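Order of the sequence lines sets the chain letters (A, B, ...), proteins ahead of strands, with each chain counted from 1. This structure is a prediction, so every number in the text was calculated from the model and none was measured.
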There are 2 protein chains.
Amino acid sequence: MTGRARRQQVIIDILQRQPVDSQEELRQSLAGRGIEVTQATLSRDLRELGAAKTPRGYQLPSGTTPGRSESARALTPLARTMASFVTDIQTACNTIVLRTGPGHAQIVALEMDRAGLVGVVGCLAGDDTIFVAVASAQRAKELTRELLGLAELAGAGR
Amino acid sequence: MTGRARRQQVIIDILQRQPVDSQEELRQSLAGRGIEVTQATLSRDLRELGAAKTPRGYQLPSGTTPGRSESARALTPLARTMASFVTDIQTACNTIVLRTGPGHAQIVALEMDRAGLVGVVGCLAGDDTIFVAVASAQRAKELTRELLGLAELAGAGR
DNA sequence: GGTCATGGTGCATGATTATACGAGGATTGC
DNA sequence: GCAATCCTCGTATAATCATGCACCATGACC
């Protein structure tokens with residue numbers, strides 16, 4: 001009985017790393033980390049966390065932070081840039097769209113290019129928007145989660 | 001008489017006015033406005049709109065706007081701009097690409113942003129080209145048709 | 001210790017949402 | 001016209017989620 005708080009912390013971590021489309025899927029991910037609970041408990045946890053079920057999986061409300069536990073990666077230039085300028089990230093099939101403040105898209109795109117993110121086919125930046133073409137929809141999903149983390153946005157829309 | 005687009009506009013309107021906790025509740029609100037459909041249809045509509053089910057009811061993704069209340073759809077700024085500057089429209093999966101005369105892309109993209117088209121995740125304009133990322137390939141198709149109409153291009157794309 | 005209140009959980013089940021399938025209408029090409 | 005196609009939607013049902021209830025553990029209090 002490691003505790004509810006800890007479990008919810010792990011749930012946050014999982015949701016930020018990978019797309020989760022159902023509570024059953026989440027249950028299995030938790031089991032993989034040695035935490036076994038029923039779907040009913042997850043239903044309660046997700047409500048308490050304020051998680052939303054979107055067509056692209058469960059999303060945490062913005063402001064939810066991962067327990068610095070495992071996500072403690074030193075801040076890369078990309079992370080700093082993203083956290084500073086990116087205001088929103090959305091996925092659509094195999095394309096990721098990032099929004100920034102006016103005039104900042106170029107800077108962010110430059111850093112993304114330098115970072116050499118796996119699966120990224122190319123970036124195209126305007127004034128406040130960046131399109132990222134990704135090799136596959138699947139990879140786009142994953143990448144979006146990662147980028148949301150870097151940008152410290154936690155949840156996508158609203 | 002494509003009730004679908006109209007219905008989705010009404011759904012957006014309802015979701016922005018009052019909390020809706022279930023599709024059944026939404027169904028009743030729609031019925032109150034004279035639109036009668038089944039829960040299955042709403043499930044599809046909500047997915048296309050990208051709506052998320054949160055502990056506080058259904059939420060629309062940021063950027064979704066109420067859209068012209070159908071009646072005022074006569075000659076919008078978007079329609080005028082599109083008809084004036086857009087020379088070609090093509091769809092690729094979930095991305096729509098519009099071509100304009102040299103230097104006109106920015107103007108058109110600006111109007112598209114203002115229009116708050118349903119399903120549009122973001123626009124990016126160069127000099128004579130505009131990329132539009134759409135939430136789904138399905139929605140991209142529909143939107144392309146609508147845009148072709150606005151641009152008075154008949155069957156340009158495809 | 002005994003009793004009570006509180007919080008967290010599983011189980012079973014009700015409520016809600018998603019989807020496979022097919023019908024009906026519109027459009028296109030012949 | 002007629003067949004082929006594409007859309008949209010309802011029906012039926014599967015899949016998923018929420019919750020009433022009971023149980024157990026813990027801690028406060030007598």
| Nucleotide C:dT16, atom P - distance to NZ of B:Lys53 in whole Å | 8 Å
| remark: Between CD of B:Glu25 and P of C:dT16 the distance, given in whole Å, is 9 Å
| query | NA contact type, B:Thr38, heavy-atom cut-off 4.0 Å: base, sugar-phosphate, or nothing? | reply | base
| task | Apply the test side-chain contact (heavy atoms from CB on, under 4.5 Å) to residues A:Ile11 and A:Leu42: give CA-CA distance (whole Å), side-chain angles for both, the deciding distance (0.1 Å), then the verdict. | result | CA-CA 9 Å; A:Ile11 290 174; A:Leu42 296 183; 4.0 Å; yes
| field | Atom-to-atom span, CG of A:Leu26 to P of D:dA18 - whole angstrom | value | 12 Å
| request: Have a look at B:Ser43 and say if it touches a base, only the backbone sugar-phosphate, or nothing, with a 4.0 Å heavy-atom cut-off. | output: base
| query | A:Arg44 or A:Gln23: which one's nearest nucleotide on DNA chain D is closer to the 5' end? | reply | A:Gln23
| field | Set of residues satisfying side chain to side chain donor-acceptor pair (under 3.5 Å) with respect to B:Glu24, sequence neighbours excluded | value | B:Arg27, B:Gln28
| request: Check every strand shown and say whether B:Glu36 touches a base, only sugar-phosphate, or nothing at a heavy-atom separation below 4.0 Å. | output: sugar-phosphate
| Of the nucleotides C:dT9, C:dA12, D:dC17, which one has an atom closest to the side chain of A:Arg7? | C:dT9
| To the nearest angstrom, how far is B:Leu42 atom CG from D:dT8 atom P? | 15 Å
| message | Please report the distance, rounded to the nearest Å, between CG in B:Leu46 and C1' in D:dC9. | response | 15 Å
| query | To the nearest Å, how far apart are A:Arg47 CZ and C:dG8 P? | reply | 13 Å
| remark: Of the candidates C:dT17, D:dC9, D:dC17, the side chain of B:Thr41 sits closest to D:dC9
| remark: A:Asp21 CG to C:dT19 P, in whole Å, measures 10 Å
| message | Does D:dT16 have OP1 or OP2 under 4.0 Å away from a side-chain N or O of A:Tyr58? | response | no
| request: Please confirm whether any donor atom in the side chain of B:Gln39 sits under 3.5 Å from an acceptor in the base of C:dA18, or the reverse. | output: yes
| Heavy atoms under 4.0 Å, any strand shown: does B:Asp45 hit a base, just sugar-phosphate, or nothing? | nothing
| message | Holding to side chain to side chain contact (heavy atoms under 4.5 Å, CB included), I want the full list of residues that pass it with B:Ser29, two or more places apart in sequence or in another chain. | response | B:Ile14, B:Gln18
| field | Reported CZ-to-CZ distance for the pair A:Arg47 and B:Arg56, which is rounded to 0.5 angstrom | value | 12.5 Å
| remark: When rounded to the nearest 0.5 Å, the distance separating CG of B:Leu46 from CD of B:Gln39 is 9.5 Å
| field | A:Ile11 CD1 - D:dC17 P separation (whole Å) | value | 13 Å
